Amino acid sequence: MAFQKAPHTNNSIFGIKKSPERMPFLKPVKHRTILNTAEPHFPKINQKKQKKQSLLGPVFKSIDNFITDFIDSPLRPSIDPKHVLSGSFAPVNELPPTPCDVVEGSIPSCLDGVYLLNGPNPQFDPIGAYHLFDGDGMLHMIRISGGQATFCSRYVKTYKYTLERDMGYPFFPSPFSSFNGILASIARVGLIVARVVAGEFDPLGNGFGSANISVAVIGGKLYAIGESDLPYEMKVTSDGDIITIGRHNFHHNEEEFKFWGMTAHPKTDPETGETFAFRYSFPSPYLTYFRIDPQGRKQPGVPIFSMKNTAFIHDLGVTRHYAVFNDVQMVIRPCEILKGKPPMIVDLEKTTRLGFIKKYAKDDSEMWWIDAPGLNISHVVNAWEEDDGDTLVLVVTNISLVDHMIERLDLVYTIMEELLGMFEKEENYAEARAVSKIS
Ligand SMILES: [Fe+2]
């Protein structure tokens with residue numbers, strides 16, 4: 001999940017000789033030492049606009065500081081870095097490949113592979129408001145090979161990470177923490193527009209995500225993914241290091257359906273090598289389902305026009321014949337920014353639904369939905385079919401106390417549930433009904 005953090009380094013199995021230095025907390029913003037790795041490939045920045053950037057950069061920074069210091073509303077716990085980055089969520093620095101001591105037993109020599117964990121880890125100390133999901137993606141890896149274990153932590157060198165590193169301070173807006181009061185929201189929207197016009201950054205061309213939620217192997221390549229942006233291709237080197245190759249669009253060339261992001265939890269079919277995924281967006285189509293072929297080429301998207309708003313759909317279930325979506329109560333309403341609030345809200349009046357579409361559907365004409373009150377799936381653990389496809393089983397984590405999802409994550413917990421849907425098949429799948437749901 002997005003709020004997973006680095007594993008502790010003093011566990012009972014592996015002992016790392018050199019632990020990553022803990023970041024001094026809430027000291028003045030400074031640029032921590034970043035170890036050299038291969039640079040990602042990004043589109044060239046307009047040189048003419050670069051000159052404007054060098055002149056206007058300090059002005060924008062001063063305005064940003066002024067908004068933070070004098071206009072922002074008092075920080076709520078959900079965006080107060082003293083609260084958010086405390087305890088095990090405190091940031092760590094990068095760590096080059098570092099041999100681990102085996103302190104108990106031995107590692108079988110036949111084991112050969114890596115365990116990877118992605119999570120948010122801010123490059124800089126926050127200047128003001130900071131949400132748990134804002135941090136730059138960092139991969140933590142234990143590589144086991146030849147009876148040895150090696151630990152390594154590297155940032156995903158996203159466009160955001162690289163640009164902020166070069167500027168020396170964090171300035172990318174966050175949908176979770178940048179809109180904190182009406183005046184501050186209006187000021188920040190104006191500042192964002194000014195920065196884009198001045199060429200300081202290009203979020204539409206290069207994305208603005210942190211690739212901080214998960215990792216996945218798609219078409220034989222490793223990716224770090226955050227659902228607000230395209231995935232970033234990563235590579236594990238022979239000496240146990242992790243490098244960023246660059247932002248990747250899976251050879252997408254559709255103009256009618258822009259491809260700016262995808263779920264961080266795509267599902268890969270082990271038999272065919274195909275990957276099934278989706279993205280949510282604003283404006284319509286609010287949900288688009290698609291697949292990526294075994295060679296890593298994105299296929300035409302299937303816009304789901306039966307979605308009536310943008311829901312924070314985090315995961316999907318995929319069975320032999322179907323893909324399943326949960327239309328959840330966490331929704332995106334950009335107009336909330338004008339009220340000085342984050343654009344994500346929890347709509348408790350909304351009845352959640354489960355949507356079923358054939359896995360290889362060309363459009364959503366045969367997709368059908370059933371009401372599923374109280375079901376707000378965060379993750380799909382597994383999904384399969386029984387009774388020749390008449391019964392579909394989903395094992396999911398359902399969010400409890402969803403109304404706290406935005407502001408009090410510490411109060412939210414998830415419940416593992418098994419959902420059983422039995423379908424009376426009719427000629428027209430749109431008329432099929434779920435006759436039972438057991439949890
Ligand atoms: Fe997740």
Side-chain angles (χ1 to χ4, degrees), residues 1-7 78 84 88-89 115-122 131-141 156 158 174-177 207-218 222-232 234 260-268 275-281 287-290 292 310-318 323-332 342 344 346 352 354-355 375-383 394-402 404-419:
M1 289 185 68
F3 29 88
Q4 287 174 324
K5 289 297 298 183
S78 62
V84 175
S88 59
F89 291 103
Y115 172 78
L116 280 159
L117 172 71
N118 191 2
N121 188 79
H131 189 277
L132 189 58
F133 298 161
D134 289 347
D136 299 281
M138 177 178 269
L139 299 192
H140 308 276
M141 179 179 73
V156 183
T158 61
S174 157
F176 297 100
S177 60
F208 54 86
S210 299
N212 63 5
I213 295 180
S214 73
V215 290
V217 175
I218 301 172
L222 174 67
Y223 295 93
I225 311 177
E227 61 201 45
S228 61
D229 201 348
L230 293 176
Y232 277 78
M234 310 297 292
W260 290 334
M262 63 177 277
T263 175
H265 299 300
K267 301 290 181 285
T268 297
T275 297
F276 299 86
F278 67 93
R279 69 179 178 91
Y280 57 80
S281 61
L287 179 67
T288 302
Y289 167 61
F290 60 89
I292 298 168
T310 309
F312 241 134
I313 300 175
H314 188 64
D315 203 348
L316 81 166
V318 177
V324 186
F325 295 92
N326 181 203
D327 186 7
V328 295
Q329 290 176 306
M330 292 88 75
V331 298
I332 297 177
M344 291 78 62
V346 177
T352 55
L354 275 174
L375 185 66
N376 287 285
I377 294 175
S378 57
H379 294 99
V380 178
V381 179
N382 206 344
L394 290 172
V395 178
V396 304
T397 53
N398 187 17
I399 299 172
S400 179
L401 300 175
V402 67
H404 295 304
M405 189 64 193
I406 305 298
E407 290 298 327
R408 289 299 304 272
L409 262 179
D410 52 327
L411 297 180
V412 171
Y413 61 96
T414 57
I415 303 169
M416 189 84 79
E417 294 189 18
E418 182 174 287
L419 311 177

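One-based numbering, in listed order, for ligands and for the atoms of each. The structure displayed is predicted, hence computed values, not measured ones.
Shortest distance from the Fe ion (ligand 1) to H314 is reached at NE2 (N/O/S atoms only). Sorting the N, O or S atoms of H265 by how far they are from the Fe ion (ligand 1) puts NE2 first. Looking only at its N/O/S atoms, H379 has NE2 as the one nearest to the Fe ion (ligand 1).
A donor-acceptor contact under 3.5 angstrom links the side chains of S378 and T397, judged on distance only.
Partners of F325 under the ring-ring contact (aromatic ring centres under 6.0 Å, His included) rule, at least two apart in sequence or in another chain, are F278, Y289.
In plain terms, the two heavy atoms of M262 and R279 that are nearest each other are CA-CB, 4.0 Å.
Taking the six-membered ring where tryptophan is involved, the planes of F133 and F176 are perpendicular, since the angle between them exceeds 60° and thus also 30°.
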